[in-house]
Amino acid sequence: MPELPEVEVVRRGLESHVLQRPIAHVEVLHERPVRRHLAGPEDFADVLTGRTFVAARRRGKYLWLALDDPAQGDAMLVHLGMSGQMLVQTPDAPAERHLRVRFDLGDGSELRFVDQRMFGGLAVSVGGAIVPPEIAHIALDPLDSAFDDETFVAKVRRSASGIKRILLNQTVVSGVGNIYADEGLWRARIHGERPGSALTRPQVRLLLEEVRAVMTSALAQGGTSFDALYVNVNGESGYFDRSLDAYGQEGRACARCGTAIRRVAFMNRSSYFCPHCQPAPRRRRT
DNA sequence: GTATGTACCTGTTTGC
DNA sequence: TGCAAACAGGTACATA
């Protein structure tokens, strides 16, 4: 499940494998992944054919491949969703079961967007000065050197929402998904349902540091992966899942205190936490 | 403006 | 054995 470290691994792979090769042909095999390209699949293919990717950039979980003539600020925007992959293959490699879009790079290599669940997608973005306008609302991520810790701390402490919900809000901080939210909260010993406004400044700072630490560690190991749903641009799986302390660990002993990790329903998904290290707030929120 | 809930998707696993 | 429900979850959008 791609979060920031996985997306960064993909960005690096794209940077070294798809730049400076004019796109000879684009084939859209399923229209849903280009649904955010409002002019439609044919236009998507038409406007990209003949162009060249010149840079691979990222903000949070969004990627974009800048197109030639950088003065125009055009780019192909990419989101991997839950199951998206960017693969570089030879054109004669057999089509993946969930192959959605293919880009013939004309040099004997092919960029492929493969996505089982199709939460992800591609779109051509026009005229972005610094970032594509479609993602201007996405906050910086904690690994960005321009990320302002104190602004984040202030935003958290102004909000009555549960801290996990705030962590997942990409307009407050980007790149954090369900896995790293649970891991960061476990490391900081904070229950995800505690209101942001109930946390002290040092607690929020600690949480931010722990989220950073777990992401940095995951990045060093090539991203997290639980199954074949996530592979990087070379098709290699990450293996950070062996290092998880909370996420997916229901019933296992907490690495700090030995209490069984619990799972609770949260926003149509799951939250994992240690009931001893991360006591729930007294007044339960729903 | 802020907070919360849900649709969108498909393959696998679980339960009856 | 067969079918239905649950589950995985990031984002945009609807609703309160």
Side-chain angles (χ1 to χ4, degrees), chain A residues 1-8 10 29-38 58-64 77-86 96-101 113-123 125 131-139 141 154-185 192-198 211 215 223-231 237-238 241 244 246-251 262-272 281 283-286:
Chain A
M1 334 265 163
E3 296 186 28
L4 184 151
E6 291 79 9
V7 177
E8 175 59 18
V10 172
L29 294 108
H30 197 301
E31 63 180 37
R32 180 157 179 83
V34 295
R35 66 195 177 281
R36 286 162 76 182
H37 186 85
L38 299 180
R58 180 187 59 76
R59 173 174 285 191
K61 301 170 200 171
Y62 279 93
L63 285 168
W64 65 96
L77 194 57
V78 181
H79 197 288
L80 300 176
M82 273 189 62
S83 53
Q85 303 168 34
M86 292 293 254
E96 290 76 10
R97 185 170 177 194
H98 303 292
L99 178 60
R100 309 305 188 190
V101 183
F113 181 69
V114 177
D115 190 5
Q116 179 204 105
R117 293 174 203 172
M118 295 189 289
F119 276 41
L122 311 175
S125 170
V131 298
E134 292 85 350
I135 60 169
H137 65 292
I138 302 290
D141 61 66
K155 273 189 187 172
V156 168
R157 299 187 72 234
R158 269 203 307 271
S159 172
S161 292
I163 182 61
K164 181 167 176 183
R165 201 178 244 282
I166 299 171
L167 280 179
L168 296 177
N169 181 345
Q170 304 294 304
T171 67
V172 177
V173 54
S174 69
V176 183
N178 203 36
I179 298 167
Y180 295 116
D182 278 2
E183 291 299 307
L185 288 163
E193 289 176 15
R194 293 189 62 192
S197 54
V211 167
M215 282 183 168
T224 300
S225 176
F226 300 94
D227 50 39
L229 282 181
Y230 169 76
V231 292
S237 290
D241 51 306
L244 296 177
Y247 184 85
Q249 307 299 308
E250 184 181 21
R262 281 192 54 198
R263 181 179 83 92
V264 295
F266 169 81
M267 285 172 73
N268 287 332
R269 58 206 68 177
S270 298
S271 284
Y272 299 87
R283 199 158 48 84
R284 287 194 65 82
R285 304 171 50 82
T286 50

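Proteins get letters first, then strands, A, B, ... in listed order; numbering begins at 1 in each. Hydrogens, waters and symmetry mates play no part in the numbers below; they use all other heavy atoms, side chains included.
- In this structure, Glu31(A) places its CD atom where only 12 or fewer heavy-atom neighbours from other residues, nucleotides or ligands lie under 6.0 Å away.
- OP1 or OP2 of dG10(C) has not a single side-chain nitrogen or oxygen of Gln170(A) nearer than 4.0 Å.
- When the salt bridge (charged side-chain N to carboxylate O under 4.0 Å, His left out) test is applied to Asp115(A), no partner is found at least two apart in sequence or on another chain.
- Phosphate contact (OP1/OP2 of dT11(C), side-chain N/O of His79(A), threshold under 4.0 Å): present.
- Rounded to an integer number of Å, the gap from Leu4(A) CG to dG10(C) P is 12 Å.
- Side-chain contact annotation: Arg117(A) with Ser83(A), donor-acceptor N/O pair under 3.5 Å absent.
- One cannot find a donor-acceptor pair under 3.5 Å joining the base of dA3(B) and the side-chain atoms of Arg165(A).
- Within the 4.0 angstrom heavy-atom criterion, no nucleotide atom of any strand lies near Arg35(A).
- Although no hydrogens or angles enter the test, the distance criterion places a donor-acceptor pair under 3.5 Å between the side chain of Arg58(A) and the main chain of Gly60(A).
- Under 4.0 angstrom from either OP1 or OP2 of dA8(C) there lies no side-chain N or O belonging to Ser83(A).
- Note on Arg117(A): every side-chain N or O is 4.0 Å or more away from OP1 and OP2 of dT12(B).
- When heavy atoms are screened at a 4.0 angstrom cut-off, Arg158(A) is found touching no nucleic acid atom at all.
- Within 4.0 Å (heavy atoms only), His30(A) reaches no atom of the nucleic acid at all.
- Rounding to whole angstrom units, NZ of residue Lys164(A) and P of dA3(B) are separated by 18 Å.
- Taking atom CE of residue Met82(A) and atom P of nucleotide dA12(C), one finds them 16 Å apart after rounding to whole Å.
- A 4.5 Å side-chain heavy-atom check between Ile166(A) and Ser161(A) finds at least one atom pair inside the cut-off.
- Distance from the side chain of Leu168(A) is smallest for dG10(C) among the nucleotides dA12(C), dA8(C), dG10(C).
- Toward the 5′ end of DNA chain B lies the nearest nucleotide of Asn268(A), the other residue of the pair Asn268(A) and His98(A) mapping further downstream.
- Taking every side-chain heavy atom of Met118(A) into account, dT10(B) is the closest of dG11(B), dT11(C), dT10(B).
- Side-chain atoms of Arg269(A) and base atoms of dG10(C) include a donor and an acceptor less than 3.5 Å apart.
- Contact annotation for Tyr62(A): backbone-only contact, meaning every heavy-atom pair under 4.0 Å involves sugar-phosphate atoms and none involves a base.
- Protein atom CG of Asn169(A) is 13 Å distant from nucleotide atom P of dG10(C), rounded to whole Å.
- For Ser159(A) and Arg97(A), each mapped to the nucleotide of DNA chain B holding its nearest heavy atom, the one lying further toward the 5' end belongs to Ser159(A).
- Contact annotation: His137(A) side-chain N/O to dA12(C) OP1/OP2 distance is under 4.0 Å.
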